[in-house]
Amino acid sequence: MASGAAVDLFVVGGGINGCGIARDAAGRGLTVTLAEQGDLAQGTSSASTKLFHGGLRYLEFFEFRLVREALRERETLLRAMPHISWPMRFVLPVSPDMRFESDTPTSRLLGVMMPWARGRRPAWLIRLGLFLYDNLGGRRILPGTRRLDLATDPAGRPLRQDLRLAYEYSDCWVQDSRLVVLNARDAQARGATILTRTRVTDARRDGDLWRVQTEGPQGRATHLARALVNAGGPWVGDVIRDVAHIATAQGVRLVRGSHIVTRRLYDHDRCYFFQGGDGRICFAIPYEGDFTLIGTTDKDHRGAPQDARCTEEERDYLCAFASQYFAHPVTPSDVVWSYSGVRPLYDDGATSATAATRDYVLGLDAAGAPLLNVFGGKITTYRRLAEGAMAKLAPHFPQAGGDWTAGASLPGGDFPVDGAEALGARLRAAYPFLDAGWAGRLVRTYGTEAFAVLGDARAAADLGADFGATLTAAEVDWLRDREYARTADDILWRRTKLGLHLKPDQIAALNGYLGQVRADSAAE
């Protein structure tokens, strides 16, 4: 028997695309259920480079539509989530060692027009690309590109002394896994049902409905839905073949992107965009106060998506890449953490992982109850992807409302785009026991909801157990009750990145607290 009446959409996958579609659909008045086999953002959506960016490198592949859409989205998203996303400036040093990948359209074109410079990225071409980057997307908030003299600018101090010229441009930082959770929360607030740690085991058409089988914390269940959305990310092909039992020629190319986190390599708050002799690019980004994030790689991934790990080869490659630019070499001993995720890129037949398109493809199978398969995509364009998904499904749901997400803030994001500092000051005035670092972290995690997290506390002791790095029982309870967190990993590596700061005994104390909470809940 099915559990309850049929919903309009059943969404498979709790990454950014699935949660974005669930939120969009719920806001249009549709009934929605979403099932995620693990924790929200447990896969690709918590393993990105943490950027809202237009994709400067994609200009070399003439992906102008994708870049334009992503550039326009940066500022739309900034306004909707100024707590978890903010502007950053990127320093792009110009080096004679910079090269194209040989199979990019730009490289081939220059090889014909300027054969004496075959494979090189000349400075004038970089400046042209940055001019396009500044102007393709209708920039309003973010400052434009400027030229830097690395001999006098502080950004030059950590770099090799022979590097003299750089360009500085704008992109944006985002806390990727929090973005997913906030989309899920907003979807739930608008009526959606969010099922975490719930695996979809089977989905079959039954007349004009989908009959979906799940296994989760409450056991097995059957759900009925008028349409099925497959936002399985790296598992999208598995869902089509093994869950929905449908043959398709469309597929994904699994590309592993690995990152390393090192001790802090420099003192300023700008990022670096490095270009290598192999045609690849690499970012070095200030991370969580005390660290530097370096990434990413592009390697075809052959194993199961959940088995993706940053290999020693990839770690050494990223260290060597960064060492081409930094005055002091980056070594494996500097690495304090690494992570890796599998990007489910649409398989367009590109010859290399780097050249594979980052654009998304929405495949609608309407031979009966509709099935929408989501291939590819990037975090910056998730909201537009969701709108595109709803446009595909619109003929099947004439009662659905129109586009609405462009002007709607996510939970906690209802303050001005430049208002984080003022919000932090208000928080400290309301809770004098907070220091600047603690208040800043809460604002950058919860925005205006930081007041609800702290509640009526008058002293730090009122927040319950202190697990270290300003993580308290009150915050843990909020994450469990409001943000679907169940384990220490959910809290330390997805809802926050406090795992970088906590010691083993502190993590053990957190696990003990969560275990006691589970035991108390089971006894009730």
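Residue indices begin at 1 and follow the sequence shown. Basis for what follows: all heavy atoms, side chains included, without hydrogens, waters or symmetry-related copies.
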Inset, instruction - For the residue pair Tyr360 and Asn17, confirm or rule out a side-chain donor-acceptor distance under 3.5 Å. - result: no
Legend entry - Side chain Asp334, main chain Thr331, donor-acceptor under 3.5 Å: yes
Legend entry - Close side-chain approach of Leu142 to Cys172, heavy-atom, < 4.5 Å: yes
Inset, instruction - Check Gly468 against Leu502 and note the closest heavy-atom contact, atom names and distance. - result: O-CD1, 3.6 Å
Legend entry - Leu510 vs Gln506 side-chain heavy atoms within contact, under 4.5 Å: no
Inset, instruction - Could you go through the side-chain contact (heavy atoms from CB on, under 4.5 Å) check for Leu463 and Glu475 one step at a time? - result: CA-CA 8 Å; Leu463 299 173; Glu475 185 173 353; over 6 Å; no
Inset, instruction - Taking all heavy atoms of Arg139 and all of Asp134, pick out the closest pair and write down the distance. - result: NE-O, 3.2 Å
Inset, instruction - Would you mind reporting whether Trp438 and Tyr431 have side-chain heavy atoms less than 4.5 Å apart? - result: no
Inset, instruction - Apply ring pair (Phe, Tyr, Trp, His ring centres under 6.0 Å) to Phe375 and list each qualifying residue two or more places apart in sequence or on a separate chain. - result: Tyr346
Inset, instruction - Count the heavy atoms of every other residue, nucleotide or ligand shown that sit under 6.0 Å from CZ of Arg482, and state whether that count exceeds 12. - result: no
Inset, instruction - Please tell me if the side chains of Gln42 and Asp489 come closer than 4.5 Å, counting only heavy atoms from C-beta onward. - result: no
Legend entry - Presence of salt bridge, Lys378 and Glu73, under 4.0 angstrom: no
Inset, instruction - Please report the shortest heavy-atom distance between Cys19 and Leu40, naming the atom on each side. - result: SG-CD2, 4.1 Å
Legend entry - Non-hydrogen atoms of Leu159 and Ala327 that approach each other most closely: O-CB, 3.6 Å
Inset, instruction - Give a yes-or-no answer on whether the side chains of Arg315 and Ser338 include a donor-acceptor pair shorter than 3.5 Å. - result: no
Inset, instruction - Compute the ring centroids of His501 and Phe467, then answer whether they are less than 6.0 Å apart. - result: no
Inset, instruction - Given side chain to side chain donor-acceptor pair (under 3.5 Å), test Tyr133 with Asp171 step by step and report yes or no. - result: CA-CA 10 Å; Tyr133 205 67; Asp171 263 322; 2.8 Å; yes
Inset, instruction - Look only at the side chain of Ser46 and the backbone of Ala41, and say whether a donor-acceptor pair between them is shorter than 3.5 Å. - result: yes
Legend entry - From CG (Leu410) to CD (Glu449), nearest 0.5 Å: 10.0 Å
Inset, instruction - Going by the salt bridge (charged side-chain N to carboxylate O under 4.0 Å, His left out) test, name the single residue among Arg256, Lys299, Arg280 that passes it with Glu314. - result: Arg256
Inset, instruction - Please tell me if the side chains of Lys50 and Met88 come closer than 4.5 Å, counting only heavy atoms from C-beta onward. - result: no
Legend entry - side-chain contact (heavy atoms from CB on, under 4.5 Å) evaluation trace for Thr297 with Thr311: CA-CA 11 Å; Thr297 60; Thr311 65; over 6 Å; no
Legend entry - CG on Leu150 to CD on Glu168, rounded to 0.5 Å: 10.5 Å
Legend entry - Tyr382 and Leu77, any side-chain heavy atoms less than 4.5 Å apart: yes
Inset, instruction - Mind telling me whether Phe321 and Tyr325 have parallel, tilted or perpendicular rings, with 30° and 60° as the class edges? - result: parallel
Inset, instruction - Measure the spacing between CG of Leu179 and CD1 of Ile16 and express it to the nearest 0.5 Å. - result: 3.5 Å
Inset, instruction - Check whether the side chains of Thr292 and Arg263 place a donor and an acceptor atom closer than 3.5 Å, and report yes or no. - result: no
Legend entry - Trace of the side-chain contact (heavy atoms from CB on, under 4.5 Å) decision for Phe291 with Ile260: CA-CA 10 Å; Phe291 306 97; Ile260 58 175; over 6 Å; no
Legend entry - Arg428 versus Leu434, closest heavy-atom pair with distance: NE-O, 3.3 Å
Can I get a per-line list of side-chain donor-acceptor pairs under 3.5 Å for residues 401-409, giving both atom names and the distance, sequence neighbours left out?
{"from": "Asp403", "atom 1": "OD1", "to": "Arg28", "atom 2": "NH1", "distance (Å)": "3.4"}
{"from": "Asp403", "atom 1": "OD1", "to": "Arg28", "atom 2": "NH2", "distance (Å)": "2.6"}
{"from": "Trp404", "atom 1": "NE1", "to": "Asp24", "atom 2": "O", "distance (Å)": "3.0"}
{"from": "Thr405", "atom 1": "OG1", "to": "Arg383", "atom 2": "NH1", "distance (Å)": "3.0"}

Inset, instruction - Please list, chain by chain and in numerical order, all residues satisfying ring pair (Phe, Tyr, Trp, His ring centres under 6.0 Å) with Phe90, sequence neighbours excluded. - result: Tyr169, Phe283
Legend entry - All salt bridge (Lys or Arg N to Asp or Glu O under 4.0 Å) counterparts of Asp490, not counting sequence neighbours: Arg197, Arg494
Legend entry - Asp176 vs Ser45, side-chain contact (heavy atoms from CB on, under 4.5 Å): CA-CA, chis, key distance, verdict: CA-CA 6 Å; Asp176 52 3; Ser45 293; 5.9 Å; no
Inset, instruction - Identify whether the distance between the nearest side-chain nitrogen and carboxylate oxygen of Arg72 and Glu69 falls below 4.0 Å. - result: no
Legend entry - Salt bridge present between Arg343 and Asp298 (N-O < 4.0 angstrom): yes
Legend entry - Reported CG-to-CD distance for the pair Asn183 and Gln188, which is rounded to 0.5 angstrom: 13.0 Å
Inset, instruction - Using atom types as modelled and distance alone, determine if a side-chain donor or acceptor of Arg68 lies under 3.5 Å from a backbone N or O of Gly137. - result: no
Inset, instruction - May I ask you to decide if Val443's main-chain N or O and Thr445's side chain share a donor-acceptor pair within less than 3.5 Å? - result: no
Legend entry - Side-chain donor-acceptor contact under 3.5 Å, Asp8 with Thr31: yes
Inset, instruction - In plain terms, say whether Arg264 and Asp290 are close enough for a salt bridge, that is, a side-chain N and a carboxylate O under 4.0 Å apart. - result: no
Legend entry - Within-4.5 Å side-chain heavy-atom neighbours: Val200 and Phe10: yes
Legend entry - Nearest atoms (heavy-atom pairs only) where Leu423 meets Gly447: CD2-C, 3.6 Å
Legend entry - Residues which pass salt bridge (Lys or Arg N to Asp or Glu O under 4.0 Å) with Arg199, listed by chain and number, not counting sequence neighbours: Glu215
Legend entry - Salt bridge flag under 4.0 Å for residues Lys497 and Glu288: no
Inset, instruction - Please tell me if the side chains of Ile285 and His259 come closer than 4.5 Å, counting only heavy atoms from C-beta onward. - result: no
Inset, instruction - Tell me yes or no: between the side chains of Thr380 and His53, is some donor less than 3.5 Å from an acceptor? - result: no
Legend entry - Listed partners of Tyr272 passing ring pair (Phe, Tyr, Trp, His ring centres under 6.0 Å), at least two apart: Tyr266, His268, Phe274, Phe326
